[in-house]
Undergrad: 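Quick one: the structure is below, and I'll ask about it shortly.
Quick note on labels: first sequence line is chain A, next is B, and so on, each numbered from 1.
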Amino acid sequence: MADQIATTEPGTSPDSDLQTTTLDRVVIRFAGDSGDGMQVAGARFTDASAAFGNDLATLPSFPAEIRAPAGTLPGVSSFQVQIADFDILTAGDAPDCLVAMNPAALMKNIADLRPGGTLIVNTEAFDERNLAKAGYEKNPLEDGSLTPFRIIEVPMESLTKEAVKDSGVSGRDVLRSKNFFALGLLAWLFNRPTEPTTDWVEAKFKNKPEVVAANVSAFQAGYNFGITTEAARTTFAVKPATLPPGTYTNVIGNVALAWGLIAAAQAADLPLFFGTYPITPASDVLHELSKHKNFGIKTFQAEDEISAVGSAIGAAFAGNLAVTASSGPGIALKSEGISLAFQAELPMIVLNVQRAGPSTGMPTKPEQSDLLFSMYGRHGESPLPVVAASSPSDAFTTAVEAARIALKYMTPVILLSDNHVANGSEPWRLPDLADLPDISVPFATVPNSDSGFLPYLRDFETFARPWAIPGTPGLEHRLGGLEKEANTGNVSYDPANHQLMTDSRAWKVANIANDIDLLEVDGDGADLLVLGWGSTYGSIRAAVRRLRRAGVSVDQAHLRHLNPFPPNLGQVVRSYEAVLIPEMNSGQLIRLIRADFLVDAVGLNKMSGVPFHISEIEAKVRQMLEVPA
Amino acid sequence: MADQIATTEPGTSPDSDLQTTTLDRVVIRFAGDSGDGMQVAGARFTDASAAFGNDLATLPSFPAEIRAPAGTLPGVSSFQVQIADFDILTAGDAPDCLVAMNPAALMKNIADLRPGGTLIVNTEAFDERNLAKAGYEKNPLEDGSLTPFRIIEVPMESLTKEAVKDSGVSGRDVLRSKNFFALGLLAWLFNRPTEPTTDWVEAKFKNKPEVVAANVSAFQAGYNFGITTEAARTTFAVKPATLPPGTYTNVIGNVALAWGLIAAAQAADLPLFFGTYPITPASDVLHELSKHKNFGIKTFQAEDEISAVGSAIGAAFAGNLAVTASSGPGIALKSEGISLAFQAELPMIVLNVQRAGPSTGMPTKPEQSDLLFSMYGRHGESPLPVVAASSPSDAFTTAVEAARIALKYMTPVILLSDNHVANGSEPWRLPDLADLPDISVPFATVPNSDSGFLPYLRDFETFARPWAIPGTPGLEHRLGGLEKEANTGNVSYDPANHQLMTDSRAWKVANIANDIDLLEVDGDGADLLVLGWGSTYGSIRAAVRRLRRAGVSVDQAHLRHLNPFPPNLGQVVRSYEAVLIPEMNSGQLIRLIRADFLVDAVGLNKMSGVPFHISEIEAKVRQMLEVPA
Amino acid sequence: MTTVQSPTHTRADFQTDQEVRWCPGCGDYTILASVQNFLATLDRPREEFVFVSGIGCSSRFPYYVNTYGVHSIHGRAPAVATGIAATRPDLSVWVVTGDGDALSIGGNHLIHVLRRNVNLKILLFNNQIYGLTKGQYSPTSEEGKRTKSSPAGSIDHPFNPVSLALGSEATFVARTVDMDRSHTTEILAAAYDHQGTAFVEIYQNCNVFNDKAFIQLTGKAERAHNRINLVHGQPIIFGPDNEKAVVLEEGEARIVDAAGVDPGQVLVHDETRPDPSVAFALSRLSHGPYGPTPLGIFRRVSRPTYESLMDAQVAAATAKKGPGDLATLIRSHGTWTVSEDSSADPAPGSPNGSANGNPR
Amino acid sequence: MTTVQSPTHTRADFQTDQEVRWCPGCGDYTILASVQNFLATLDRPREEFVFVSGIGCSSRFPYYVNTYGVHSIHGRAPAVATGIAATRPDLSVWVVTGDGDALSIGGNHLIHVLRRNVNLKILLFNNQIYGLTKGQYSPTSEEGKRTKSSPAGSIDHPFNPVSLALGSEATFVARTVDMDRSHTTEILAAAYDHQGTAFVEIYQNCNVFNDKAFIQLTGKAERAHNRINLVHGQPIIFGPDNEKAVVLEEGEARIVDAAGVDPGQVLVHDETRPDPSVAFALSRLSHGPYGPTPLGIFRRVSRPTYESLMDAQVAAATAKKGPGDLATLIRSHGTWTVSEDSSADPAPGSPNGSANGNPR
Ligand SMILES: Cc1ncc(C[n+]2csc(CCOP(=O)(O)OP(=O)(O)O)c2C)c(N)n1
Ligand SMILES: Cc1ncc(C[n+]2csc(CCOP(=O)(O)OP(=O)(O)O)c2C)c(N)n1
Ligand code: SF4
Ligand code: SF4
Ligand SMILES: [Mg+2]
Ligand SMILES: [Mg+2]
């Protein structure tokens, strides 16, 4: 694999010529039937590596929403993880090691395995039926098509059966432990600690001792299978990464986002209301929040997205930190409601976990194609602040920032994530919660003018209107979607007033630019800037690093705030000879940049539902700079 | 009024020194309570002038949706008409003559009356109560505040009562004829023919002879009041306009649009299905179409907009010319459905009669603020063709064009109108229906490949997929919102396929540029181009004319196609030193122009719910060219 | 607006400075007066009331009531009100809506709020027409009705709002009519007292686009013949001389001559039956205000409110796990520490670590 | 796909080349087989069928039926199907939907299509869970149900789909269960024969997220005790030895010991009653498949279909005014002619010229 560093020493054990190769990083992919527990295996391998101190990044890939029949290609589920002894940013391009639990998994993934990579197959799954289901004419284990790889063939099913026979589990449950057998084998092959996995099993299934027994024995059996059969002539080691000191956890994007909302509510000293309707890939935020009612969280599973956004508007009026979440199709349904929240100038977070569109599209695949929709997806002039999370852990921070803006400026804020951020995971250095900003805003408690309470009397600095909640004596007022008279908030059809209010609302949002961080550019004045937003961060960063290591000078900047832009963005983009904007869409940020700054930026666009490979960005930069690899 | 041409001759009648001033054009505004029948009065005056051969343009202004109590300011309804002896394009800026039926009407409109203009007031409405309701401290008829105007004071109510006493109408119905009294007086003052009005009354109320009698007598009484009292020392005449020869009708935008849809269905040889949910200002299209079921039209008043667009999708699949219509809030609700139609590649027209937003906004006021919403108001990458009507009669033509594109390219098309186009009227030279383009497309009847019917096998030229409707043997197929495999249309999650389909859909729409007229520029290579779209046409055109008459050279172009743009647009805008884009929004077309062509166009933006005044555009151009008035 | 709250109110306390903008003669004025007067009788501070509406003539209501209010978007008032009521049980939340707003575009939210039993008082002003948009037929317009959008007559079979509400698991369902202010007030009081969603259909005259639609129930001559008053615990009899009675036959409610049946057979109204079947049967006595039509409370039963159940879960979770601690939460998936010398020191296994684990 | 239509079909004719992608053991397979087999018994060409669905596991259905089909968007199938059925009465249009698709997000379209009586056959696969999104509670999930989104139990009181349909003026309402294919087929046949909207609730087992939800009606041991078969014209009795009977008491349907009542008292089922009250009462016998639950046709009455009324209006208008003539239409608001010498020659007055006239 491109510029991977390997050092090999003789094995330590006297009665074996086993060697251990130490790598700076390695990419492993677990692939099997959705029934084979590959997500669990991957997550366990990840946690073990995290506990061991590696840096890592993961990329799970689920089958489409519908569960496909066992053994078929659409049924294949996989989980890729990259572990390293330095801070990496993506789950890697091509795997060094592939675990294929059945022919379909092999068929679907083998093309990605790098030549010379290690392939672990569950031989017993390679029978007539499964081969047919996967579309194999001949058995690849026999037709020599796999010679470019180091194959480890394992009769995983009988070995697992054997291993768990005394555990107490029986029937079709027995084979459920297959994934732990595979995991054990990989723990041996990559010299992973075993405790994190066994501990997890014990904690997770504490009420099912037989399951604990089965999984642990399968895990051990896999580990021992490696030792006893010396399944491979070399095992691999990846040293702990030298990450900045701190306490780390391995966090998934949707979970980090849920936690960020909880943190924001605490930082705002407000109760959290989450009104939503389930949709892939946003549902897990609901699932996570509904587990934590002891934080005083109220989750409302509405009858549809229109009700969800409506309930959030009501909750905002009533004095909650109101959040509504969905993905493309559901956000479309919320459009009219968001427009009301904008007109009523109520604080609210609208979370859009983007998936591949249009229409139902490819619900389990990531895409960044809702940026312009976030900017302009409402009738009338209704500009909204838009922020985007760039990685799983960044979702925590971005959620707090979204809440800060919503509350301080009394406006709905669109918070963009995507399937890649939402389901990916990475080590997260836990923040010192004491550093959380105080984002609380005082409710209005007394009239703000001699003529009583003026619900649309704007704050001199922020242009925000006061937030007076029901139950407050003397501040009774009515909000609504009809145009409001400045200050009084009464219905008004006065032409000058409509102009004034339109301008005020626009100005309020534009002015937020003065209250956000300047865009930081990483670099030293190269000729080319790679500008990104959202989940492309990892790929872009890694590509830039790789280019620099290769002596190619290139600068990088990544946007968290899409509207308004950081105030220095124009000056930044104008200061480069060339600006490259990689996006997982057909070119959306680039249209904003061109319209705002008349800069002839270049796009690198991908609409395949698969995140950028580092190499794709690297190649584009090289092409633009005319420096061949 | 600015460059109005007047010639005065002595009156003809021996026993009177009455003079007649002939004007090239005059602007008249009828203003009264919503109960006073001002819309009818205005419409009658308009039709009489049309029949007389003047060119004209009208601008009705209704009170907000809610009917306000009689005599109050919000209750005021007005109708402005400009008549001329040449082809004018707007209802004019400031009226030369104002009819005020009550104090509220006076209060709300007097500021617009040009100094020296004629003011006709119904004195009997100026009592304590009404003055108070209108917010007058003193009676303006007595405090001299009206001296700048030529006032004609008329005790309209008693005169009307007197006039209709033998008609048979009684009670509060009597005063309903007030508006015809006023109309009669104006007919005299502006030397209008009386037959069109009396004919209309007779036709309209043929089953209510007493109403005919009342209205006709009131009308005559008003006319005679002018003669006998010589209410003004001069009357005014406006000669017939020298319009191109042909048969004309005075058409309202929403009606022309409905007729355009009927014409399109005939030109496509398809049944017309119109699925909608009432909303101002789009409802009148439903009202008009539902009157003409004998054209085989099926109108469906759905339970909401989501059902409306859904029904249109079903009707399109079933083989109809399917149309769904709404205004901003309703279009927002249709967004998810439109995205399905886009993904399913079904032909459909989505009519958006824009109103002032955001949210409920100002439903009875015009605005152009849904352009970017039309472009980007859907999740995922879902570009749609967008066309816009620029005047009431143009709505007919644009509707046919929208249908042509939808059917030929198998795509939903967004058809933009607005309150100004929809409720305004203008003389329309009736087209020769034989000239209607044949926009019919053949349904698929036989399989298009050896492997059977491929619903997504694209036409080589248009990239359109075939349209096979239920009932056709052997072409059974399934459409849906999940990503489709090229050709087969089966569900596909294949990365390369998603890229291909995304590109194909985008290319299909972009390619329409080669099938639309080039943008025509009116001018002779001036330094400045005024570029517009939609209902601003009249104001821009008039301003450009006025500037040219004043010796200022300026070019003009107006867009019907907003997506894709005419292929020569880039070259056109790049060829000017300055490009001015007036829009009734905060700058939407201009963002598209800047992003596409990196041209530093300048915007003139108005968000007051009132159309541009000619003078506003004129002033902006003068400022840009630095030629003071 | 800062007037100190007096223990008891007058109607004026619930009026705003906004000019009321309905057509002269509109039934909405009457209902507004009934509601304002009723609110004034409650010894409850103004700021504890919230009126939420959608879009329509009726939905202008909140602008005229000097409490907190939201004039939301078309059909969505129940959703907005749910967000308020669910998070603020201390408030009295009212929904004002129309037949188009509640039953056409808003139908889904209505049926769901009814089944959830959110503590809302829903006043549905049913004028059997779209008033605000100037006169199209609505889901309660009679078949064959000629309107702007149905010049040849409506072909839609209308809803019976009471039947629909009962089919949606409503716990409180009533019907009244604008002109009868004392009856309206009775119903408002009962709705206010009800714990849960109270659904009140109010027949309201639109004198501009659907005048006299309810004449059978409001006309001097007609009303005595057509008003079937439902009174809890009372036999259901009506008519100028109580000559008509309602009985249950074969599981259906039927109108008979009182004389023809022995008094014991006459159906005695019981709003509190757990089974809604009889209430439903009563709702089928009429399918609109065209003949004998029941007015009053069809059903009034108790079921826990949505917000009480929501609060109970929060309380239970807190009792069980203690108030949430963020620092603990973010460590709950297992942690490890990287110290200065950057050697990793593994933490104990991480329970609950498979947020994207295998669903089987 | 170009096979020539044989007068009668086999199931295979209605299968597509698409691999069926439900979880092994899912009840959807059984229903698919029942439907395909039923279609094959009809002597009707494939191309005259259209299957329209929303989103959900159940909504994948159209991909597996070799007819015309639309896999639309979540909850909107009734709307899409209305556009098809209303304009193409020659087709047989079916809607396949789930408890979330039809009753949660799609509730509004469902109740309106039922009242309009559009000629659609609606198959609601009720598995009391959101299957496709991996197991959240649905509007038919029982209170207290623990799911991903309700770890402490659902607090929503569920709908009774049959009650809701009856409250929505449905003309045909039935319930069956996936496992009983012959009963399912009977119901499908009746639905197919019905002119208008046929609403069929099909209890469907989701063995992954809500396994055994219907065991009371499908389990060998349980079903005899809990299946109440509604058969037109038959007394409603059930139980292993027909020891249970349904009677009407005080307007409510109640279960009693057959022995305890004389046979004449037992309710004889009549699907055709114009008044839906008894059908509604029967729907209240159970509030989910937890005990004795009626299966069969609750209501089957005739009312003109929406499309027949629509066509009638078109026909009437054409008969009255003759087929529309565009040239006449665009001249209908009055015209005038400008001739070469540009003198205007007025046309007779323009009737109908006040499209924006005064509404009073
Ligand atoms: C999304 C949306 N669709 C349509 C409308 C237009 N609209 C406003 S009110 C209304 C119906 C009003 O009827 P109803 O609810 O019965 O109230 P009423 O005016 O009769 O009191 C309609 C169709 C709108 N404002 N928003
Ligand atoms: C607008 C929109 N919101 C949400 C979703 C996500 N979603 C898809 S199916 C579904 C519910 C499925 O439940 P049900 O209708 O009962 O069908 P089942 O899978 O149980 O057969 C949801 C919430 C979506 N696809 N579109
Ligand atoms: S239109 Fe009807 S409902 Fe609306 S205000 Fe006027 S009378 Fe009342
Ligand atoms: S999730 Fe449930 S409903 Fe969906 S396919 Fe699997 S078993 Fe069937
Ligand atoms: Mg109404
Ligand atoms: Mg379900």
Undergrad: Within the 3.5 Å criterion, strictly below it, is a donor on A:H379 or A:E336 matched to an acceptor on the partner's side chain?
TA: no
Undergrad: Supply the atom-to-atom distance D:Q128 CD to D:T140 OG1, rounded to the nearest 0.5 angstrom.
TA: 4.5 Å
Undergrad: Under 4.5 Å heavy-atom distance to chain D, tell me which part of A:T276 shows up: side chain, backbone, both or neither.
TA: neither
Undergrad: Could you tell me which portion of A:L289 (side chain, backbone, both or neither) has an atom closer than 4.5 angstrom to a non-hydrogen atom of chain D?
TA: neither
Undergrad: Which bit of A:S307 comes within less than 4.5 Å of chain D, counting heavy atoms only: side chain, backbone, both or neither?
TA: neither
Undergrad: Give the intermediate values and the outcome of ring pair (Phe, Tyr, Trp, His ring centres under 6.0 Å) for residues D:F199 and D:F298.
TA: CA-CA 10 Å; D:F199 175 81; D:F298 289 78; 9.9 Å; no
Undergrad: Heavy-atom distances under 4.5 Å only: say whether D:H74 touches chain A with side chain, backbone, both or neither.
TA: side chain
Undergrad: Looking at D:F14, D:F61, D:W94, which hits side chain to side chain contact (heavy atoms under 4.5 Å, CB included) with D:V35?
TA: D:F61
